[in-house]
2 protein chains.
Amino acid sequence: MRIINDITDCKTCIYRKMLFPDLSDQEYDIINSARKEYIFKRGEIIRKEGETIKSFLYLRKGLVKLFKTDKSGKDQILSINKPTDFINLLSIFSNSTYKYSISALEETYVCDVDLPAMLDVIRMNSDFGMRVLNRISKISDEIIENRFEINQKQVKGRVAHILLFLSDNIYKKSSFRMPITRREVGELISMTTENTIRTFSEFKKDGLIAIEGKVITIEDFERLRNVNKTG
Amino acid sequence: MRIINDITDCKTCIYRKMLFPDLSDQEYDIINSARKEYIFKRGEIIRKEGETIKSFLYLRKGLVKLFKTDKSGKDQILSINKPTDFINLLSIFSNSTYKYSISALEETYVCDVDLPAMLDVIRMNSDFGMRVLNRISKISDEIIENRFEINQKQVKGRVAHILLFLSDNIYKKSSFRMPITRREVGELISMTTENTIRTFSEFKKDGLIAIEGKVITIEDFERLRNVNKTG
DNA sequence: CGCGGCTTTGATGTTCATCAAGTAAAGTGG
DNA sequence: CCACTTTACTTGATGAACATCAAAGCCGCG
């Protein structure tokens, strides 16, 4: 992890309109002066379960996973998040410490705004507050919705689900480099590494996907979507 | 369901201090005049998945379940909520329609405040907004945390988990009338009705609990907590 | 180049869902 | 209030889905 200085001012940041379209100059200044930028390498831990929450994190570029570790040391992945997500919104308003860890799945750029400054702006600008409220709701909803769906499926449906998630939501391509290991896929959809691999192999054998090293190509979307629905 | 008129004014409501300790008279008036009270009988649906969200619901008395129904018609229970919970906070800021249904597990009193009035007050009073933000986070966190825990356990641990949840969090007694059927217990912890019952019977046989009709008495907390941990 | 983590496949066993079938309890309508 | 219907509860038998264990090849990296 290292500090960078990519953006000189929030006012001119390309991500501005995503969440900050309606802030006054004064409000921008508050955020901008309480802001640091970090870059994390693939595999680095951005925040660890139990740490004190001191700032508001905005994912500018890259990909991260949110995960929890149980007593026996096994991880469970809650979600995979992409740019413009507020990656720590979940814990931020209800807890003083992180309830899960965040790590980078690829080179990741993060904007880090001191929490008190952020809270000041939320208090000053209620529309902005409402927008944050909206975002936080969406993120939780997605996690809950996702777990609901995963829960009803069996292994094939689960693997199809995650492949389609990566293809449709993250990469918007039929061919992509897997950002997570097979073990992590298992941790995301609550199954063992072995069964995850077996299912990948089966999909390959059946012509649903092609596998070349880390690169997955979805070859038959229709059948894969069908497995997602019925499996 | 019927309309009642238990509370004449929010200002004098006993629940006031729970979430509304810091509203001005004007703000109280806005909420109070946009407010209705309802009473729901055991089994009645309070809100149905897909309905438009028009109001803010406050659970004054009773017990409810939040649940989703899948394509095949099977329900999955997300959570059981008790008084002072804002039972529709989850969807309210991120969606225009309910993403889950809410039904009464016992006679339930609900305060229903028109959404626009609520949003006005949130905009007027940022401390109040922060309090709502905090609550919404907590509710989501609890659901996510809960699913995380349930996910790692097998049947015995899951049943122990829900029994301890009811005893510790809802009734605060070792003996209580089950507010949900065995099938619903299964829907809450992702297992079949048959296995839920089998596990109850086993706990009874092993002296962990006593069962008299709907009434469950936890007889050996220590061992039950141990099953919750290790199972 | 060797070590550790990732990937892969096979064999085995356990857990749990499903099916079946019957009893008990709780609503419902005449 | 009683016959009837429906829903809840219960137990057993069976098999499928999946976890676990084992063993070996692969890959990236210091």
Side-chain angles (χ1 to χ4, degrees), chain A residues 41-44 65 70 72-77 103 105-106 150-162 177-206 209-216 227 230-231, chain B residues 41-44 65 70 72-77 103-106 150-163 177-206 209-216 227 230-231:
Chain A
K41 279 194 293 235
R42 175 178 165 69
E44 282 187 304
K65 64 172 178 178
D70 70 19
S72 69
K74 280 206 303 185
D75 289 346
Q76 185 173 135
I77 299 178
S103 83
L105 296 174
E106 54 182 59
I150 290 293
N151 245 307
Q152 315 170 219
K153 294 178 209 273
Q154 16 202 57
V155 288
K156 288 183 198 174
R158 290 181 187 191
V159 172
H161 179 91
I162 176 70
R177 183 184 175 285
M178 281 296 286
I180 51 177
T181 65
R182 303 288 191 266
R183 180 169 53 77
E184 287 174 314
V185 172
E187 288 167 359
L188 186 54
I189 57 185
S190 298
M191 45 191 280
T192 58
T193 310
E194 293 95 322
N195 277 325
T196 306
I197 289 167
R198 256 185 274 273
T199 309
F200 270 84
S201 302
E202 202 175 334
F203 283 0
K204 182 184 174 183
K205 202 186 64 198
D206 293 348
I209 62 172
I211 305 175
E212 288 159 72
K214 293 268 180 198
V215 177
I216 301 279
V227 171
T230 61
Chain B
K41 278 194 293 234
R42 174 178 165 69
E44 282 188 302
K65 64 172 180 180
D70 70 17
S72 69
K74 280 206 303 185
D75 289 347
Q76 187 173 134
I77 298 178
S103 83
L105 296 174
E106 53 183 60
I150 290 293
N151 245 308
Q152 314 171 218
K153 294 180 208 272
Q154 12 203 62
V155 288
K156 289 183 198 174
R158 291 180 187 192
V159 173
H161 180 91
I162 176 70
L163 287 172
R177 184 185 176 283
M178 282 296 285
I180 52 178
T181 64
R182 303 288 192 266
R183 179 168 54 76
E184 287 174 314
V185 172
E187 289 168 359
L188 186 54
I189 56 184
S190 297
M191 47 191 278
T192 57
T193 310
E194 293 95 321
N195 277 324
T196 306
I197 289 167
R198 256 185 274 273
T199 309
F200 270 83
S201 303
E202 203 175 333
F203 282 1
K204 181 183 173 184
K205 202 185 64 194
D206 294 348
I209 61 172
I211 305 175
E212 287 159 74
K214 295 268 180 198
V215 177
I216 301 279
V227 171
T230 61

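A, B, ... follow the sequence lines: proteins, then strands. Residue 1 opens every chain. All of these numbers come straight from a predicted model, not from anything done at the bench.
Per the geometry, CD belonging to A:Glu202 stands 13 Å off C1' belonging to D:dC18, to the nearest Å. The distance between atom NZ of B:Lys205 and atom P of D:dT11, rounded to the nearest whole Å, is 10 Å. A:Gln152 has its CD atom 16 Å from the C1' atom of C:dA17, to the nearest Å. Here the P atom of nucleotide C:dA25 and the CZ atom of B:Arg177 are 14 Å apart, to the nearest Å. Put simply, CE on A:Met191 is 13 Å from P on C:dT8, counting in whole angstrom units. The interatomic distance linking B:Glu187 (CD) with D:dT7 (P) rounds to 14 Å, in whole Å. Spacing between atom CD1 of B:Ile180 and atom P of C:dA26 amounts to 17 Å, rounded to whole angstrom units. The separation between B:Arg183 atom CZ and D:dA8 atom P is 5 Å, rounded to whole Å.
Atom CD1 of residue B:Ile162 and atom CG of residue B:Leu188 lie 4.0 Å apart, to the nearest 0.5 angstrom.
The phosphate of C:dT7 has OP1 or OP2 within less than 4.0 Å of a side-chain N or O from A:Lys214. OP1 or OP2 of D:dT11 lies within a sub-4.0 Å distance of a side-chain N or O belonging to B:Ser201. Taking only side-chain nitrogens and oxygens, B:Thr181 never comes nearer than 4.0 Å to OP1 or OP2 of D:dT7. In this model, the phosphate group of D:dC18 is not approached by any side-chain N or O of A:Asn195 to a distance below 4.0 Å at OP1 or OP2.
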Passes side chain to side chain contact (heavy atoms under 4.5 Å, CB included), B:Lys153 versus B:Ile189? Steps please.
CA-CA 10 Å; B:Lys153 294 180 208 272; B:Ile189 56 184; over 6 Å; no
Where do A:Phe200 and A:Ile216 land on the side chain to side chain contact (heavy atoms under 4.5 Å, CB included) test, with the steps shown first?
CA-CA 10 Å; A:Phe200 270 84; A:Ile216 301 279; 3.7 Å; yes
Go through B:Glu184 and B:Ile77 one step at a time and tell me if the side chain to side chain contact (heavy atoms under 4.5 Å, CB included) criterion holds.
CA-CA 7 Å; B:Glu184 287 174 314; B:Ile77 298 178; 3.8 Å; yes
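Between A:Glu202 and A:Arg198, no side-chain nitrogen of the basic residue sits less than 4.0 Å from a carboxylate oxygen of the acidic one, so the salt-bridge criterion is not met.
A donor and an acceptor atom sit less than 3.5 Å apart, one in the side chain of B:Glu194 and one in the base of C:dC19. Interface remark: the B:Arg198 side chain does form a donor-acceptor pair with the D:dG12 base, using a distance-only criterion of under 3.5 Å.
For A:Gln154, the listed nucleotide lying nearest its side chain is D:dC18; candidates were D:dC18, D:dC9, C:dA20. Each of D:dT10, C:dT8, D:dT11 was ranked by its minimum atom distance to the side chain of A:Arg182; first place goes to C:dT8.
Heavy-atom distances to DNA chain D give each of A:Thr192 and B:Glu184 a nearest nucleotide, and the one nearer the 5′ end belongs to B:Glu184.
The overall bend of the helix from C:dC1-D:dG30 to C:dG30-D:dC1, read as the angle between its terminal helix axes built from five base pairs each, is 50° when rounded to 10 degrees.
Contact check for A:Thr199 versus A:Arg158: no side-chain heavy atoms found under the 4.5 Å cut-off.
Side-chain atoms of A:Arg42 come within 3.5 Å of backbone N or O of A:Leu105 as a donor-acceptor pair.
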